[in-house]
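Notes follow once the structure below has been shown.
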Amino acid sequence: MSNELGKTYSPTEIEDKWYKIWEEKGYFNAQHNSEKPGYSIAIPPPNVTGILHMGHMLNNAIQDAIIRYKRMSGFETLWIPGMDHAGIATQNKVERMLKEEGTSKEEIGYDEFLRRTWEWKEKHGGLITKQLRKLGVSLDWDRERFTMDEGLSRAVKEVFIKLYNDGLIYRGEYIVNWCPHDKTALADDEVNHIDKKGEIWEIKYRIKDTDDYVIIATTRPETMLGDTGVAVNPNDERYKHLIGKKVILPLMNREIPVVADEYVDMEFGTGVVKMTPSHDPNDFEVAKRTGLEFINIFTEDAHVNSNGGKYEGLERFAARKAILADLEAEGLLVGTKEHNHAVGHCYRCDSIIEPRVSTQWFVKMEPLAKRALEVVKNGQIQITPKRWEKVYYNWLENIRDWTISRQIWWGHRIPAYYAEDGTVFVARNMEEAKAQAKEKFGKEVSLREETDVLDTWFSSALWPFSTLGWPDKTPDLEKFFPTNVLVTGADILFFWVARMVMMSLYINDEIPFSYVYLHGIIRDELGRKMSKSLGNSPDPLDLIAKYGADAIRFSFLYNTSQGQDIHFSEKLLEMGSMFANKVWNASRFVLSNLEDFDANAVIDVKEFKLEDRWILSKLQTASRQINEYMNKYELDSAAKVAYEFFRGNFCDWYVEIAKTRVYGQEGSDKTVAQYVLKTVLDKGLRMLHPFMPFITEEIWQKLGLDEETIMLSEFPTENKKYVDLAAEKEFDYLKEIVNAIRNIRGEANVSPAKKIEVIFKIVNDGEKEILEHNAKILDKLANVEKYEFNTEIPVLVGFKLVETTEIYVPLADLIDKEKEIAKLEKDIQKTQKELDRVLEKLSNEKFLSKAPKEVINKENGIKEELENKIAKFRESIKLYQG
């Protein structure tokens, strides 16, 4: 392989090439029989329907940087890939496809629908896994899992059965969040509550056998069709006399009782509340306490059913309009007020949720939540940023039972079977259920299989151990469980993270991971979340094609503090792209000057020059800091150290100085410079590899080292032998001298190409010795032709001070005096105009009499500043005039 790099860095060319090689050679594959300690991460499984978006880019760049670092740090690493079957989302996709074909799932039937869904999954699903490869992710693709593959489906059944047998799963009638579009129940945390402007209507409910009435306030008048009572607070003196009496339900003319319950807030509204137990969770609880009837008035798709009288068949919001019109016609609508309230929406399709009583399966969460709380409170699991721990505690301390059944076809079918009398048998299959039934009834009976499926999050909750082969005791489970870190967004802290903790403790008596890294959201420059509808979400594949995966990865990781949102613009990526080019060009120089380097040459450390000792010492500091930051998962800090070392110390300083020692030179000084260049490039590329895998592999391969790939090489660690604080201090002083001279040039508009002379006034012998021994560096980096110590200082000079060293650059022969004087006079004129405006204001009696004292003081301060500025310009003109 040639050790030359092309003149131009072409990311697409090298990225496609290297990913193919890495995957073919199996570099990502973990070995469970390795003697190395195990380190594992389970990917947050993207939906099978998903495509790569900006959030995926950030999430997977973080995970890959961690896993690559650990792989290079002596661990046997496993990064588990996989996808989620995404019950509702996938079913919606297939139903839309069937609709386009002129059919439906009901027409083709259950078995055919499942066949078509698996077919869709194989053909269209999993596109994101192909796209992730473009980012360079080092996932162990041989271990890829799917939440409905045979192994994970078996795990789901085992966990369900254990929970059921332990009394933690039950089936019952309860009010749930119902999505009329997807026709399924949803868990509480699958409902997005959005504040909306609405209305509250006040309606007369006549008291039976009187002309009196009570006024009821409601935001959902359509639900009155299902009212089975009204409630008052038992302590409310206004209504005590009504308790036990009946009112007439408007429009339906049904008698309903007045009940007493402390749930009613006497201060809110009229103090009388309509009770619709089948369509409101609070009313449901009141009904259970007071014995009110339950009447369901809606079909699964939120149309009024036969219990709604003449409104049967109307969609819920059409029914609302009709009911309000009829109430007004009958003089029962008292008034309407504006009312802001939170309205529940389905997290998948954004439909407005309809609370609805139905028979569902539930998990008792409180017993599971207790241990999940303990392991975070005692530090076994660390959540970062720490502020999210309080949110985690609050959710678990106020947890409600989890509705796990879904009325859809795509998913894990609940392993339950029913006898004709309704007896439930929970079993792995029909044969096992029939055996249970025969034992119970003493004879064989026919059974009906449950048609509901499990909430998608149920299988996801088992992900860290089900992907490793549980319930079997596999070598992977032995080596890689518990996993080490979970990288995800805070938005699924409850959906997924907390449930994984609960299930792992319940099933394995172990935590599923010890560290939870919650990253922020990628927003646009205006701070808005990215979405297709806003048109502010670029296609990640287009960005990769334009900038390269390495540039995007590095830009994201450099700018991502734990838990902080990123405000994205393409300017962010330009920084990573410029750095990648810098790495390429500096490496190209180094490689082109190693052709005659004898890799077996014995290097005597006594021959190291100041810059050699300095860069090798800086390398140790950078190595130590990056290791510290990476082990604390502070990836942005690690990326910044790597950037500053490679771009700043190595490229901008050492490489530039080394040019004086390798161009056209011979002998040991050149050999030492070559040795240091090769050593630092090797270690520097390794430090950058977790962040920029492709470019570092391409360059590192050209160094001709014995190892096969940079990703399996050793990550640099601090070698105390090369730590030289004295050299760092001396060279840092020299850097400041160079920067000071460059600044004098810049301020005096002296071209960097012009040779200059410098006078140093110096009292410190150590500083003088550094300058005397590094004339070549001053010449190369500051274009200093000659310098003298403590000689007479001419009139026209540029001046800077570094430590105790005074730096003077004679300017008389370097600048066009007339041109500089003309420029200064122009500056005086411009500044005088600003000063005249301030003086005019300060001489205005009206302004002085009305303006606050602090405003006048501010104007006086500006006046003084401008006058000093003009004075300095005039002093400079005098200098130029001699």
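Residue indices begin at 1 and follow the sequence shown.
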Item to complete: Go through Lys377 and Glu374 one step at a time and tell me if the salt bridge (charged side-chain N to carboxylate O under 4.0 Å, His left out) criterion holds.
Response: CA-CA 5 Å; Lys377 286 183 174 178; Glu374 285 171 17; over 6 Å; no
Worksheet item: For Glu267, does the CD atom sit with more than 12 other heavy atoms under 6.0 Å from it, leaving out its own atoms?
Response: no
Discussion item. More than 12 heavy atoms of other residues, nucleotides or ligands under 6.0 Å from CD of Glu420: yes or no?
Written reply: no
Item to complete: Drop me the distance from Thr49's OG1 to Ile88's CD1, to the nearest 0.5 angstrom.
Response: 11.5 Å
Practice prompt. Give a yes or no answer on whether the side chain of Ser504 reaches the backbone of Val501 with a donor-acceptor pair at less than 3.5 Å.
Written response: no
Worksheet item: Distance from Ile243 atom CD1 to Asp236 atom CG, nearest 0.5 Å?
Response: 8.5 Å
Worksheet item: Looking at the rings of Tyr170 and Tyr164, which for Trp means the six-membered one, are their centres under 6.0 Å apart?
Response: no
Practice prompt. Check the side chains of Gln360 and Ser358 for a donor-acceptor pair under 3.5 angstrom, ignoring hydrogens and angles.
Written response: yes
Worksheet item: Would a 4.5 Å heavy-atom cut-off, applied to side chains only, mark Leu396 and Met502 as touching?
Response: yes
Practice prompt. List the steps and the verdict of side chain to side chain donor-acceptor pair (under 3.5 Å) for Tyr418 and Glu450.
Written response: CA-CA 7 Å; Tyr418 302 94; Glu450 172 66 86; 2.4 Å; yes
Worksheet item: Hey, is Asp401 close enough to Lys364 for a salt bridge, meaning N to O under 4.0 Å?
Response: no
Worksheet item: Is there a donor-acceptor pair closer than 3.5 Å between any side-chain N or O of Arg116 and the backbone N or O of Val94?
Response: no
Worksheet entry | Trp410 and Trp118 aromatic ring geometry - parallel, tilted or perpendicular at 30°/60° bounds | perpendicular
Worksheet item: Got a donor-acceptor contact below 3.5 angstrom from the Thr147 side chain to the Ser459 backbone?
Response: no
Worksheet item: Does any pair with a residue in residues 281-290 pass salt bridge (Lys or Arg N to Asp or Glu O under 4.0 Å), and if so which ones, sequence neighbours excluded?
Response: Asp261-Arg289, Glu285-Lys288
Discussion item. Under a 3.5 Å distance rule, please check whether Trp120 uses its side chain to pair with a backbone N or O of Lys93 as donor and acceptor.
Written reply: no
Worksheet entry | CD on Gln436 to OG1 on Thr423, rounded to 0.5 Å | 11.5 Å
Worksheet item: Strictly by modelled atom types, are Thr184 and Asp182 linked by a side-chain donor-acceptor pair under 3.5 Å?
Response: no
Worksheet item: When you check the gap from the basic side-chain N to the acidic O, do Lys208 and Glu255 get nearer than 4.0 Å?
Response: yes
Worksheet item: Donor-acceptor pair, Ser278 side chain versus Ile295 backbone, under 3.5 Å?
Response: yes
Worksheet item: Are Lys105 and Trp409 in a cation-pi setup, meaning NZ or CZ lies under 6.0 angstrom from the ring centre and within 45 degrees of the ring axis?
Response: yes
Fill in: Salt-bridge present (Asp326, Lys310; N to O < 4.0 Å)
yes
Worksheet entry | Heavy-atom donor-acceptor pair, Thr90 side chain to Gly87 backbone, under 3.5 Å | no
Worksheet item: Is NZ or CZ of Arg499 both nearer than 6.0 Å to the six-membered ring centre of Trp402 and within 45° of the ring axis?
Response: yes
Item to complete: Kindly confirm or rule out a cation-pi arrangement of Lys245 over Tyr239, judged by NZ or CZ under 6.0 Å from the six-membered ring centre and within 45° of its axis?
Response: no
Worksheet item: Is it true that a side-chain atom of Asp227 and a backbone atom of Gly229 form a donor plus acceptor pair closer than 3.5 Å?
Response: no
Practice prompt. Kindly assign one of parallel, tilted or perpendicular to the pair His53 and His56, based on the angle between their ring planes and the thresholds 30° and 60°.
Written response: parallel
Item to complete: Would you indicate whether Lys240, at its atom NZ, is surrounded by more than 12 heavy atoms from other residues, nucleotides or ligands within a distance under 6.0 Å?
Response: yes
Practice prompt. Decide yes or no for Met224 and Leu327: does some side-chain heavy atom of the first lie under 4.5 Å from some side-chain heavy atom of the second?
Written response: yes
Discussion item. What I want to find out is whether Lys390 reaches Glu397 closely enough, with some N-O distance under 4.0 Å, to be called a salt bridge.
Written reply: no
Practice prompt. Output yes when a side-chain donor or acceptor of Asn307 lies under 3.5 Å from a complementary backbone atom of Asn296, and no otherwise.
Written response: yes
Practice prompt. Return yes if a side-chain donor-acceptor contact under 3.5 Å exists between Asn59 and His519, otherwise no.
Written response: yes
Item to complete: Check whether the side chains of Thr299 and Asn305 place a donor and an acceptor atom closer than 3.5 Å, and report yes or no.
Response: no
Item to complete: Not counting sequence neighbours, which residues clear ring pair (Phe, Tyr, Trp, His ring centres under 6.0 Å) with Phe494? List them please.
Response: Trp395
Discussion item. Just verifying a value: how many Å separate Ile207 CD1 and Thr210 OG1, rounded to the nearest 0.5 Å?
Written reply: 4.5 Å
Worksheet item: Does a donor on one side chain and an acceptor on the other come within less than 3.5 Å for Asn233 and Tyr263?
Response: no
Worksheet item: Going through the distances and angles, do Lys196 and His339 end up as a side chain to side chain donor-acceptor pair (under 3.5 Å)?
Response: CA-CA 8 Å; Lys196 288 197 168 186; His339 179 67; over 6 Å; no
Worksheet item: Is a side-chain N or O of Asn47 found less than 3.5 angstrom from the main chain of Gly50, in a donor-acceptor match?
Response: no
Worksheet, complete the sentence: So the salt bridge (Lys or Arg N to Asp or Glu O under 4.0 Å) pairs with at least one residue in residues 328-338 (sequence neighbours excluded) are Glu202-Lys337
Practice prompt. Give a yes or no on whether the backbone of Met530 and the side-chain of Ser537 come within a donor-acceptor separation of less than 3.5 Å.
Written response: no
Discussion item. Please determine whether the number of non-hydrogen atoms from other residues, nucleotides or ligands lying under 6.0 Å from atom CZ of Phe268 exceeds 12.
Written reply: no
Discussion item. Is the distance from the ring center of Phe298 to that of His279 below 6.0 Å?
Written reply: yes
Discussion item. So, taking the atom named CG in Leu505 and the one named CZ in Arg371, what distance separates them when rounded to the nearest 0.5 Å?
Written reply: 4.5 Å
Discussion item. Less than 6.0 angstrom from the centroid, inside 45 degrees of the normal: does Lys274 satisfy that with respect to the ring of Tyr205?
Written reply: no
Worksheet item: Is the gap between the ring centers of His412 and His85 under 6.0 Å?
Response: yes
Discussion item. So that I can tick it off, tell me whether Arg115 and Glu119 are bridged by a salt bridge, with the cut-off set at under 4.0 angstrom between side-chain N and carboxylate O.
Written reply: yes
Worksheet item: If you draw a 6.0 Å radius around CD in Glu366, do more than 12 non-hydrogen atoms from other residues or ligands fall strictly inside?
Response: no
Worksheet entry | Stepwise side chain to side chain contact (heavy atoms under 4.5 Å, CB included) test for Val230 and Val273 | CA-CA 6 Å; Val230 296; Val273 181; over 6 Å; no
Worksheet item: Should we say atom CZ of Arg238 is surrounded by more than 12 heavy atoms from elsewhere, each under 6.0 Å from it?
Response: yes
